[in-house]
Amino acid sequence: MQLPKTYEPSQYEADIYALWEKSGAFTADPTTNKERFSIAMPPPNETGTLGIHHSVFLTLQDIMARYNRLQGKDVLWLPGTDHAAIAVNAIIEKRLADEGTNKHEIGRDEFLRRTIDFVSQSRGTMLSQMRAMGASCDWSRLRYTMDPGLNRVVNEVFVKMYNDGLIYRGHRIVNWDPNLETNISDDEVEYAEETTTLYTFKYGPFEISTARPETKFGDKYVVMHPDDKRYKQYKHGDTFTAEWINGPVTATVIKDEAIDPKFGTGVMTITPWHSMVDFEIAEQHGLEKTQIIDFHGKLLPIAQEFAGMDIADARPKIVEKLAKKGLLVGTDTNYVHNIARNERGKGIIEPQIRLQWFIDVTKASVAWKGKQRSLKQVLQDVMREGDIELLPKRFEKVYFHWIDNLRDWCISRQIWWGHRIPAWYRTHTDGTTETYVGMQPPVDDASEGWNQWEQDPDTLDTWFSSALWTWSTLIDPTLAEDPKLSLADLLRLSPDFQAYHPTSVLETGWDILFFWVARMILSTTYATGQVPFKTVYLHGLIRAEDGKKMSKSRPESIIDPLDVIPKYGTDALRMALIMGVSPGNDQNWGWGKVEANRNFCNKLWNIARYVEGVTSDKYTPGSTPKPRTAADHWVLGKLHHATEILSKHLDNYRFSEAYEHLYHFVWDDVADWYIEASKSQDDSEILGYVLENTLKLAHPFAPFVTETIWQTLYSDTDSLLITSTWPKPQQASKQQATQFEELKTIIAETRALVKQLGLARPNLYYTDVPFLAENASLLARMARLESVREVSSGTGLQLTSTHHHCWLDVDTGMLKAYADKLAEQITAQERIVVQLKGRLANKSYVANAPKAIVAQTRQQLAEAEASLERLRTEHTRFQAA
RNA sequence: GGGUGAUUAGCUCAGCUGGCUAGAGCGCAGCAUUCACAUUGCUGAGGUCAUAGGUUCGAGUCCUAUAUCACCCACCA
């Protein structure tokens with residue numbers, strides 16, 4: 001079959017992907033004895049479509065999967081999607097609002113029906129996008145965070161943690177979003193600076209400041225630092241009467257070190273129901289807490305005439321009333337503070353006290369390495385003791401810092417989309433209540449005066465289920481249907497869990513280090529006694545071309561992979577996403593990079609076309625032809641070197657460096673030098689060999705074009721590149737390779753001289769260099785020489801870059817320009833010689849530097865001196881002439 | 001308030017454990033062209049590696065300050 005002139009990716013990609021998928025190449029096999037390599041794909045949120053940031057992780061993980069597969073390992077790359085509770089919920093609620101209805105009107109069942117419709121549609125789109133990126137993941141093991149088997153595991157872990165006392169239910173202050181009517185975890189809150197007004201009011205004998213007068217109805221404590229001399233006369237627990245918004249209140253003095261005496265008057269009143277800090281002060285001193293604002297953001301009856309009003313409406317009216325009473329003593333309209341919002345839906349967070357489920361991160365109830373530790377301690381230990389390695393390493397510091405600030409994790413959400421909490425409550429006619437937590441609903445027992453059990457209406461934080469992802473996905477779904485088996489049984493009996501866990505590496509963006517990575521470590525160590533993965537590779541985020549975040553508010557900044565792929569090809573997109581990128585650092589999108597890599601694919605294509613033209617029927621993959629020419633030996637050496645370098649970089653997750661080496665191997669070594677050289681010498685066997693191995697090296701990066709070439713050239717073998725093996729190139733003669741390096745040097749100098757001096761095709765003369773005779777036609781062709789001839793003594797310009805005696809046959813008398821050029825080169829070379837000599841003259845350098853380095857310097861000096869000598873000789877000769 | 005990263009060619013960025021006579025892509029200048037590829041080839045210009053100190057035989061790389069930018073965490077009434 002013949003390769004057309006230009007590579008048109010869109011003509012092949014779908015067929016090639018189908019070929020791979022059909023071949024079973026993606027499917028892992030836990031029954032083999034091969035070494036394992038496993039990755040759990042970070043499940044994308046089922047919120048519609050995949051974006052360019054998904055392309056980044058699909059590319060990186062696919063490179064790892066394909067490389068390890070070529071290395072002969074049994075590879076499992078397990079794909080999946082996430083139900084993304086709050087994110088999806090926010091979308092559905094927005095759609096309902098657009099229709100003029102809401103979730104309460106349509107009810108829980110209808111809401112869930114619509115949600116399931118939406119996510120199934122999203123999922124279909126997203127899975128086809130993963131295929132378009134070339135993802136070689138094991139579709140037979142596709143998982144979804146709401147699968148029955150995964151739901152079973154979620155409940156098992158919840159119940160286990162509850163029984164171990166690690167999950168508890170309690171009244172705590174939480175981040176309440178009145179828009180979505182749910183609370184969210186600390187990590188889901190985002191802060192933005194806002195300029196607002198800070199009011200100062202008279203409060204009894206004190207002055208207090210607030211940006212939120214509407215929360216102040218129930219304030220009846222004034223707090224100050226115990227060491228604040230200004231308020232020495234007031235003792236902790238003193239009471240006084242103050243005129244306040246709706247008449248006089250009795251207030252109590254509290255002394256607490258949390259107060260900053262330098263801020264404002266050094267005195268504040270507290271609102272424990274609606275402030276995290278106030279809540280903690282109140283807890284510490286056992287103070288009363290009163291709710292002022294309801295869960296829809298409206299004032300409660302305690303506000304009297306303001307009851308039922310929205311915060312925004314009430315605030316100015318309250319200030320006005322206090323001002324009328326003469327209690328307003330100051331306003332600062334330039335007060336800057338941070339406003340808390342839900343990162344999903346952007347609702348303004350109102351701290352509220354609610355009865356919620358929490359995971360206790362400080363209780364020492366986790367068995368890890370034979371000791372009882374807290375979840376926090378295990379999180380620290382696995383990193384400190386090297387069970388898990390973070391790349392880049394600097395994120396370890398960020399990780400530890402996060403753990404230091406970690407508080408109990410609030411896991412219940414008041415939304416309907418998600419894993420329902422496996423807890424049931426019932427009340428007795430005498431008013432007592434009971435809680436039951438378990439895998440199955442409890443059985444009603446009406447005779448005793450109990451009302452029916454009712455399940456907690458709340459669902460779990462999405463991250464509670466994704467935290468189990470590396471292993472809940474490996475549990476056999478059929479086994480998971482058997483209620484008689486325990487969680488430990490499920491782990492023990494599932495072949496995939498036994499074969500692939502802990503996973504080899506987790507690859508994800510640094511932005512979800514806390515949300516996901518840390519929580520996987522937390523839950524997995526607890527539930528399975530294993531770490532979820534050994535290495536975490538964190539990639540950077542991709543920004544718009546101007547370096548700013550891609551954002552929905554600037555639609556033109558968003559790059560859709562599906563706009564790039566048809567035009568440039570998936571391979572070009574993949575390589576653009578890894579080129580020049582280092583772990584943990586963000587990168588800017590660049591159309592230039594896509595074009596460069598489209599060109600690279602075309603280069604591969606044309607190398608194949610050339611080889612196809614000269615080798616048709618002469619080469620079968622897997623051959624080991626003998627090198628004959630200097631160029632053969634040279635290119636085999638380069639291939640050997642490239643294989644080593646790529647392996648080393650890929651083993652160490654240095655994708656960009658691996659790719660850069662590949663790029664230059666293919667373009668410079670193979671295309672520009674070896675193929676050009678081969679045009680003068682018939683080496684079709686080695687050409688075929690080099691192409692075969694080059695395709696293997698390039699396959700992890702550019703799977704489509706390489707497989708397309710493979711299928712076309714080797715169509716009669718029915719082998720697949722994806723399941724072939726990583727090159728083990730044969731050794732070649734170093735001495736012969738060096739000869740080719742000499743040829744390259746001679747060609748390069750000749751080309752430069754011809755160019756710079758404006759020469760027409762000169763002749764090249766040489767004395768007594770056998771390999772020049774052997775490669776005369778190559779030399780003539782590549783250096784564009786009229787002829788290459790052996791002489792007894794040469795005339796013209798003597799080449800200075802080689803120690804062999806070669807001359808370009810030109811009229812030296814006219815070449816003042818050449819003399820000037822030589823003079824320049826001499827100056828440059830002298831500088832290098834001086835530098836190297838200086839280094840070697842330095843006794844401590846020779847004594848302290850590694851021997852190899854010193855030897856290298858000596859050699860560099862010898863070469864530099866020889867080169868300088870040649871330059872000088874030639875220069876002298878010219879000046880004499 | 002605490003922390004992290006960045007600062008290298010006109011632009012966007014690599015440079016891992018110090019050995020650099022500092023690289024890539026794009027861009028730029030010049031030349032070439034029915035020979036695999038103009039999605040090309042060849043040649044070339046372009047950098048006191050932010051600044052100031054220090055450690056070292058040797059610093060783009062390590063340390064200490066400073067400046068600018070970006071981000072993360074905490075959050076004060």
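Bear in mind that the values here come from a model prediction, so they are computed numbers and not experimental data. Chain identifiers are assigned alphabetically (A, B, ...) following the order of the sequence lines, protein sequences preceding nucleic acid strands; residue numbering begins at 1 within each chain.
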Q: Could you work out the separation of B:rG47 and B:rA9 based on their P atoms and round it to a whole Å?
A: 10 Å
Q) Is the number of heavy atoms from other residues, nucleotides or ligands under 6.0 Å of A:Q856 CD greater than 12? A) yes
Q) Any luck finding a side-chain donor-acceptor pair between A:D187 and A:S185 under 3.5 Å? A) no
Q. So what does A:H649 hit on the nucleic acid, given a heavy-atom distance under 4.0 Å: a base, only sugar-phosphate, or nothing?
A. nothing
Q) NA contact type, A:K679, heavy-atom cut-off 4.0 Å: base, sugar-phosphate, or nothing? A) base
**Q.** Same-atom distance (C1') from B:rU48 to B:rG2, integer angstrom
**A.** 36 Å
Q. So what does A:W667 touch, heavy atoms closer than 4.0 Å: a base, only the sugar-phosphate, or nothing?
A. sugar-phosphate
Q: Select base, sugar-phosphate, or nothing to describe what A:Q756 touches, counting heavy atoms under 4.0 Å on all strands.
A: sugar-phosphate
Q. Can the ring centres of A:Y663 and A:F600 be said to be less than 6.0 Å apart?
A. yes
Q) Reckon A:A671 touches a base, only the sugar-phosphate, or nothing at all at heavy-atom distances under 4.0 Å? A) base
Q: Using a 4.0 Å heavy-atom cut-off across all strands, classify A:N848 as base, sugar-phosphate, or nothing.
A: base
**Q.** Residue of the set A:L691, A:L3, A:N606, A:I709 for which side chain to side chain contact (heavy atoms under 4.5 Å, CB included) holds with A:V611
**A.** A:L691
Q | Watson-Crick/G-U partner (both atom distances under 3.5 Å) of B:rG46 | A | none
(Q) Please determine whether any donor N or O and acceptor N or O are separated by less than 3.5 Å between the side chain of A:N338 and the base of B:rC75. (A) yes
Q.
Ring of A:W589, cation from A:R543 - is the NZ or CZ under 6.0 Å from the centre and inside 45° of the axis?
A. no
Q.
Would A:H539 and A:Y537 count as a ring-ring contact (aromatic ring centres under 6.0 Å, His included) here? Give the steps.
A. CA-CA 6 Å; A:H539 64 249; A:Y537 179 92; 7.3 Å; no
Q.
Can you tell me the base-pairing partner of B:rG60? Count Watson-Crick or G-U wobble geometry only, both distances below 3.5 Å, and say none if there is no partner.
A. none
(Q) With nearest nucleotide decided by heavy atoms, which residue, A:V336 or A:A849, maps closer to the 5′ end of RNA chain B? (A) A:A849
Q.
Would you compute the distance between atom OH of A:Y12 and atom OG1 of A:T708 and round it to the nearest 0.5 angstrom?
A. 7.0 Å
**Q.** 5'-most by nearest nucleotide on RNA chain B - A:W510 or A:N606
**A.** A:N606
Q.
So does A:D227 get a backbone contact from the side chain of A:H225, meaning a donor-acceptor N/O pair under 3.5 Å?
A. yes
Q | P atoms of B:rG10 and B:rA29, separation to the nearest Å | A | 16 Å
Q. Should the pair A:Y234 and A:Y231 be assigned to parallel (<30°), tilted (30 to 60°) or perpendicular (>60°) ring geometry?
A. tilted
Q.
Both distances below 3.5 Å, Watson-Crick or wobble geometry, any strand: find the nucleotide opposite B:rC69.
A. B:rG5
Q.
Counting the atoms with a prime plus P, OP1 and OP2 as sugar-phosphate, which does A:T271 contact under 4.0 Å by heavy atoms, base, sugar-phosphate, or nothing?
A. nothing
**Q.** Residues in contact with RNA chain B, drawn from residues 196-209 of chain A - heavy-atom cutoff 4.0 Å
**A.** A:S209
Q | Sub-4.5 Å side-chain heavy-atom contact between A:W402 and A:V398 | A | no
**Q.** Inter-nucleotide P distance (B:rU7, B:rC62), Å rounded
**A.** 11 Å
**Q.** Nucleotide forming a Watson-Crick or wobble pair with B:rU34, both distances under 3.5 Å
**A.** none
Q: Using both distances under 3.5 Å as the test, list the Watson-Crick or G-U wobble partner of B:rU55, or none.
A: none
(Q) Over all strands shown, is A:V277 touching base, sugar-phosphate only, or nothing at heavy-atom distances under 4.0 angstrom? (A) sugar-phosphate
Q.
In whole Å, measure the gap between the C1' atoms of B:rA36 and B:rA59 for me.
A. 46 Å
Q) Using atom C1' of each nucleotide, how far apart are B:rC42 and B:rU51 to the nearest Å? A) 41 Å
Q) Taking protein heavy atoms under 4.0 Å as touching, what does nucleotides 21-28 of chain B look like 5' to 3' if B marks base contact, S marks sugar-phosphate-only contact and - marks none? A) B--SS---
Q. Can you list, by residue number, the residues of residues 745-754 of chain A that have a non-hydrogen atom closer than 4.0 angstrom to RNA chain B?
A. A:R751, A:A752
Q. What pair of heavy atoms forms the shortest contact from A:N588 to A:A544, and how long is it?
A. CB-O, 3.8 Å
Q. Ion pair present between A:E612 and A:R609, side-chain N to carboxylate O less than 4.0 angstrom?
A. no
Q.
What's A:N652 touching, base or sugar-phosphate or nothing? Going by heavy atoms closer than 4.0 Å.
A. nothing
(Q) Please classify the nucleic acid contact of A:I270 as base, sugar-phosphate, or nothing, using heavy-atom distances under 4.0 Å. (A) nothing
Q: Between B:rG23 and B:rA67, how far apart are the P atoms? Round to whole Å, please.
A: 34 Å
Q: Look at all strands and tell whether A:Y191 reaches a base, only sugar-phosphate, or nothing, counting heavy atoms closer than 4.0 Å.
A: base
(Q) Taking any heavy-atom pair under 4.0 Å as a contact, classify A:D511: base, sugar-phosphate, or nothing. (A) nothing
Q: Could you work out the separation of B:rC28 and B:rC72 based on their C1' atoms and round it to a whole Å?
A: 39 Å
Q) Base, sugar-phosphate alone, or nothing: which one does A:D260 contact when heavy atoms must sit under 4.0 Å apart? A) base
Q. Partner of B:rC13 by Watson-Crick or G-U wobble geometry, both contacts under 3.5 Å, or none?
A. B:rG23
